[in-house]
Structure formats: C-alpha cells, structure tokens
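Following: one structure in structure tokens, then a few remarks.
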Amino acid sequence: MSSLIFLAIANNSLVGQLPFNIGYTLPNIQGLILSTNNFSGSIPASLLKAYHLRKLYLYNNSFTGFIPSFSSLPNLKELDLSYNKLKAGDWGFISSLSNCSRLTMLMLDGNNLQGNLPSSIGNLSNSLQQFFLRNNKISGPIPPEIGNLEGLSWLYMDYNLFTGKIPPTIGNLYSMVYLSFAQNLLSGEIPDTIGNLVQLSSLKLDWNNFTGKIPGSIGRCTQLQNLNLAHNSLDGSIPRNIFKIYSLTGELDLSHNYFSGGMPEEVGNLINLNKLSISNNRLSGNIPSTLGQCVVLENLEMQSNFFVGSIPQSFVKLVSIKSMDISRNSLHGKISEFLATLSSLEKLNISFNNFYGEVPRGGIFDNADAVSIQGNDHLCTSVPTGGVSLCSPQVDDKKQKHNSLVLVLKIVMPIVVTIIILSCIAKIYWRKRVQGNTHLQIVNEHIKNISYEDIVRATNKFSSANLIGSGSFGTVYKGTLQFKKDQVAIKVFNLDIYGAQRSFIAECEALRNVRHRNLVKIITSCSSVDSTGGDFKALVFQYMPNGDLEMWLKNKTLGHGERNILTLSQRINISLDVAFALDYLHNHCAPPLIHCDLKPSNILLDNDMVAYVTDFGLARFLFTTSNEYQDSSASLACLKGSIGYIPPEYGMSEEISTKGDVYSFGVLLLQMITGCGPIDEKLNDGISLHEFVDEAFKKNMHEVVDPTMLQDDSNAADIMKNCVIPLLRIGLSCSMTSPKERPDMGQVSTEILRIKHMALQMGV
Ligand SMILES: *[C@@H]1O[C@H](CO)[C@@H](O)[C@H](O)[C@H]1NC(C)=O
Ligand SMILES: *[C@@H]1O[C@H](CO)[C@@H](O)[C@H](O)[C@H]1NC(C)=O
Ligand SMILES: *[C@@H]1O[C@H](CO)[C@@H](O)[C@H](O)[C@H]1NC(C)=O
C-alpha cells in the first residue's frame, strides 16, 4: 500500500518483528503508531528511509538494540520510543536528531539508556517542547547545553543516576511548565536562575542531595502548583516567598531536610493547597494558627519537628482534612474536642508529644485504628483502649492541689491576657472605623478601575470566609469594594490553569458586548499584577444572595428544609429567564454569542429569585473569522464544558453552534422538572436524561416529575396536563440528538411564556 500515509494499530496484542522492508513498502508513510503491543526485535533500518515520517510512536513494546540515527528524517515531529528495551550506544542518535528541525516531542523514558548524556542535546531543535528521559540509568552531569532548548515546556529527567549540579543555564528555559530532576544523585545548591522559570507549574527535585538554602527567587515562579523538594539536605529557614505563590494548589513537600526556624505565618495564604508536608525537619515554635485558613487542605504532615504549644483552635476550619500527622513534636495541652467534629478526618497521629488529659470521644476518636496517641505520658481515656491508661476518678490530694495551681495558671492567666489583648484590639479597631468612615466620604463614587490592592481589601485578603465558590478557571469571593455600597462577587482567575488567560479574555470580550436583564452584570475588571509581580486577573460582578440553581436543585434532593424547595412557578420563571437570556445571545446580538457552558451552577438567583446566566469563560462568537480567539481549537473548546450538558455533536468535534446551547438548555429544563440531573444515579444502564423522560412519556408521566413541586394542589391533574407536560415536551425537543431537530431559543421562550400565562390562570 505504497500510498498509505497513516497507520495506527496501537493497543493490540501484536507480536513479532516489524517487516525489515517496511520503510520501502510504505514510502509515503507520515504517521506510524504501533504503541502498546508486544513487538520485538530492532527498529528496521528501512524505516529511517521513510522520508515523510512525522510521527513515530513505538512506546510500550519490547524493541531491542541501539536507537538508530534519524538524520534522514527531516520531517520528524514526534518520536516516542519510551518503555522498550532500547540502548543508547554511543548516543550518536542524539546528534542525528539535530537534523530534525521540526522535532517537538522526544520520549525516551523507560529504556536501558546508560552512560553520559552528550552535550549535543544542545543541538536539538528549538521547537522541542517535550523531552522525557525518566526511568533510565543515565549517569554523569546534566550538560549545560540543555539551556539551549528554549522551546522546552516539559523536561522529565527523574529516576536516573545524574550527578553534579543543576546547570544554571536551566534558567534560560523560559517556557518550562513541568520540570523534574527527582530521584537522582544531584548535589550542590539549587541555582538561583530557577526563578526565571515564571511559567513553571510543577517542580520536582525530591530524593537528591541538594544542599544550602532554597533560593528566594523561587517566589517569582508564580504559576507553581506543585513543589517537591523532599528528601534532600537543604537547610536554613523556609523562605516566606514560598507562601506568596498563591498558585500552589497541589502539594508543597519540604519534608526530610534540615530546615530550621519557625513556620512562617504566611502559610495561611495558601488557601487552595491540597497537601502540605514539612515533616522530618528541625522546625520549631508554635504551629501558626493561620494554617487554619487552608480550607481545602487534605493532608498535613508536620511530624518529627520541634513544634511547641497546642493544636491551634483555627484547625476547626480545616473542613477538608483527611490525614493529619503531628507526631514526634513537643506539643502539649489537652487534645482539642473539635478534632472530633472534623468529619472528613480519616487519620490522626498525635503520638510522642506531651498531650495530657482525657482523649475526646466521638468522631474520629471512636475509631481506634484511625488515631495514634501513644507516647503521650499523661493522656488517659474513659474507655479502655490499647496502651493508654484509664482516667481515674480519684486523684490524691497532693496531685489535686498541684492540679488546681496548674488550673489557675492555665485558665485564669490566659483569660486575663485575653481580656487585655481584646481591649487593645477593640481600641485599634474603633480608631480604624472612625478613620475608615471619614475616608469613605472622600472616596470618589465614580472610580471604575480597581487595583489588586482593592481586591485584596475587598476579599479580606482572599479570606476563606469570603469564599463562595470555585469554577474551572478560578475562585469566586464575595466582598465589598470601598466605592460601592452593595456586596459584589469577585471572580479571581487562576492563571496557571491552562486556558484561564483565554477564558478571562473570552469573558471580558463577551460581557463587553452584551446587556440583558437575565445576564449577570459586570461591575468592573482588574487586570494587574499581584504583590509578587505575577499576572493577576479578576472580574467583579453583582452579588447574588440566593446562590446558584444547582445549590437549589441539590439541596432539595438532600431534603434540607422546606425553604429551599423551588415551587413550580419559580421553576417556570427561572426557565423563562434563562430562555430569554439565550434568545438574546443567539438572536439579538451581533455577532451571535454562544455560551457553551450552560448548567445549573452557571445560573444565579437574586433576592427575588430572578435568574441570571453567568460564566462566559467558554463563550464564543459565531461567524467571526478575523477574531483571534477563534482558532482551530474553538470547535473543541466546548468540550471543557460540563458532562451531561455538552451536546453530543461536540464530542464528534463538530462546529459549535447555537443549537449546542439549546441542547444544554433542554437538559437543564428536564432536570428542573424531574429533579434528576443528567448524571444522576437514577439513570442506570447509561441512559440519558432525555431517554429517561422519553420512556416515561410512553408509560407513566407522573413517575418522573419531581413530587415536591405539585404538593397538595387540588387541580394537580390540570397543572400536569397544561404546564408540566408541555415543559417536558420542550425539554425533550431541545435535547434531541440531532441539532437540526432542536428548536430555536426564540420559539422556546415564546412557548414557555405561553405556559407561564396558563399557569397564572390556574393559580400556580
Ligand atoms: C540532514 O537533512 C538534510 C535535508 O534537510 C539532508 O540533505 C542531509 O543529508 C541530512 N543529513 C544527514 C546526515 O543525513
Ligand atoms: C552543534 O552544532 C554545531 C553546528 O552544526 C556544531 O559545530 C557543534 O559541534 C555541534 N555540537 C555538538 C556538541 O554536537
Ligand atoms: C504515628 O507516628 C509515629 C511516630 O511518628 C509512628 O511511629 C507511627 O507509625 C504513626 N502511626 C501511624 C498509624 O501512622
């Protein structure tokens, strides 16, 4: 088949050698995807004569022999040889690859590569973006020429035997996003130039022998989500700069080093951090109470340090915590009762400290396997558990006297001190208030552009108490701006998430062009730099006191009180509001705007339960060819939308269209009337919500209708016939698989308006 250009037979169970003449029989081949089979033997020399080859994927097979020369394949773009049994030989293949000027991906991990990495890697293509060498046995130093590969955004060299220092030229790799040198034998100091990698999202240097301090320049990596420096010989104090990297949302692991000094209070800035490990260091002082602000923290490892004091009361706010290890410190005090209320806590280790008194009961303490308390000499329990003494009711006189003295010191003293402190705070606060008020009067009402500082102030330093939600590209806070009386909602974009920047621009662009009663109003925007000099983008919207529709639909199914149940008339009004908004976007805007992410959580409700469509982060204008936001991936962008609400044709990479929004609306409408979401458990056997309702149409309609909606209505049958069923019909026709069969939002809103009038006549 000499004209064949693409052959993909990956993920099968094919065995044996490739035909030796494959390159001659397929002279036009451009893509050859053979990965994940069980091919063996060497890579046929003829393949290297297939001049047009661009993609060669051989990963996850059993190819043996030396990696050949690729110099005769100038079109090669993607070469994946990982997870085979290939050898490097004299590494000549690396210099041969310098002839492949279009190379963007080079994957060599999981082979038998040994010896030193040659400096000719510096001659690889500038367009190389992904370079994987992990899981080999490569030794010797990392060549400084690596710094020539300015296009690199992924560099994984972990699990090898590299020695020496990280070359400072690493700082030239400005596009770097994922960098790992973990699990090698590297030593010396981490180069200062690491701070030049401002796009870095993940940095892993764990399990090496790095010494010295963490370079302060790391604070410039303001996109970092994961930072792992564990298992090295780093020392000094933990630089405060680390805690200004607000993007840290994954893990921060500094464990098994020689860090000393106190834990900086600024750790409370990392409110989106998932895992914090500082165990096995020489950290001392109190555990900062600000740590309680890290409300999404799931894993906290602080064991084997020299922390003193007690468990901060603020830990009561760690509502996501699953595992907490504070063992082997010098903590003391009673074990706080609130630990029993942390319902997500699955593992608690407080062993080898100086805790005393009775172990609380309830919550995690009822599960002996989940809690380690050994090695605290003065702890006792009221129920017998292994290794800990029972609390005895009779305490002899001497001890009691001693205890009462301790009691006086422990209880009365703090109270006195607290009163003094409180009165000081009250004084300062009072003064501030007075100042604040006069300040307010001077402030100009017309200020429109706001600064980063304004937002910090409005959200009380992005305090967790102000947090009202989070979306795919950022976090939403409520707050009060100095120049505005009403509360506002502030959406802060997490710019290290791929696409967030674009989402901000898309949303600005969309909202600049639209104005409608049922679209959430933008008050202002902030495009600035934060305190560390990183990009900062936020949008300020009117605040919606009644939250989002999803909350209302969910609360109802959870059976939370009467108050949160939507009446039928509310449901009709909300669906009409949303239909109006979409009709406006599709039919009354020029160019038409497609929302692309319609779902209950993107519909907000104000005090009067008027619905507003929000979140235009995925919105796209239709028919704009010269628009820079309309690139080839625009048609797929909606796939970032939400499962269950994405129309099926987007999955087949069809162009986005207004009919896509109509589909999402249809699903939403069916959900509002049935109370059943598109990925609800009720929908077993993988049937869609559309099919579920459609099926019920043939049998018993009442079965699928949300029962809470029609409570004790004498004319329920009429309402069913004239309102509910017509609404379901609209929902069904909007969620048809074929876009052509779906109605236009103009028709839909007219139809719902008619149903609303009908409902009013029947006193709904
Ligand atoms: C490198 O590629 C060029 C064409 O781009 C070709 O002429 C030259 O022979 C190649 N070098 C080797 C060593 O094959
Ligand atoms: C890199 O390429 C240049 C120019 O082709 C050549 O002079 C140099 O020797 C090469 N370096 C290595 C280390 O192969
Ligand atoms: C609790 O911590 C101690 C000391 O660090 C350790 O020896 C023990 O294995 C830990 N227990 C659990 C269950 O992890």
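All values derive from a computational prediction rather than experimental measurement. One-based numbering, in listed order, for ligands and for the atoms of each.
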- Query: Can N209 and S233 be counted as having a side-chain donor-acceptor contact under 3.5 angstrom?
  - Reply: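 Their side chains do contain a donor-acceptor pair, which is all the 3.5 Å distance test asks for.
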If you have a sec, work out which protein heavy atom is nearest [atom] and how many Å separate them, to one decimal?
atom	answer
atom 9 (O) of ligand 3	N349 ND2, 4.8 Å
atom 5 (O) of ligand 3	S327 OG, 2.8 Å
atom 3 (C) of ligand 3	S351 OG, 3.4 Å

- Shortest non-hydrogen contact from I278 toward M302: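 Closest heavy-atom pair between I278 and M302: CD1-CE, 3.6 Å.
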- Message: Taking the cut-offs as 6.0 angstrom to the six-membered ring centre and 45 degrees off its axis, would you call R134 and Y159 a cation-pi pair?
- Response: no
- Please state whether K347 comes within less than 4.0 angstrom of ligand 3, counting heavy atoms only. yes
- With a 4.0 Å cut-off on heavy atoms, is R328 touching ligand 3?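 It does, in that a heavy atom of R328 comes within the 4.0 Å cut-off of ligand 3.
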- Task: Run the salt-bridge test on K322 and E298 with the 4.0 Å N-O cut-off and return the result as yes or no.
- Result: yes
- Task: For S372, counting its heavy atoms only, list the atoms of ligand 3 lying under 4.0 Å from any of them.
- Result: 11 (N), 12 (C), 13 (C)
- Query: For the residue pair Y246 and F462, does the interplanar ring angle fall in the parallel (under 30°), tilted (30 to 60°) or perpendicular (over 60°) class?
  - Reply: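 Y246 vs F462 ring planes: tilted.
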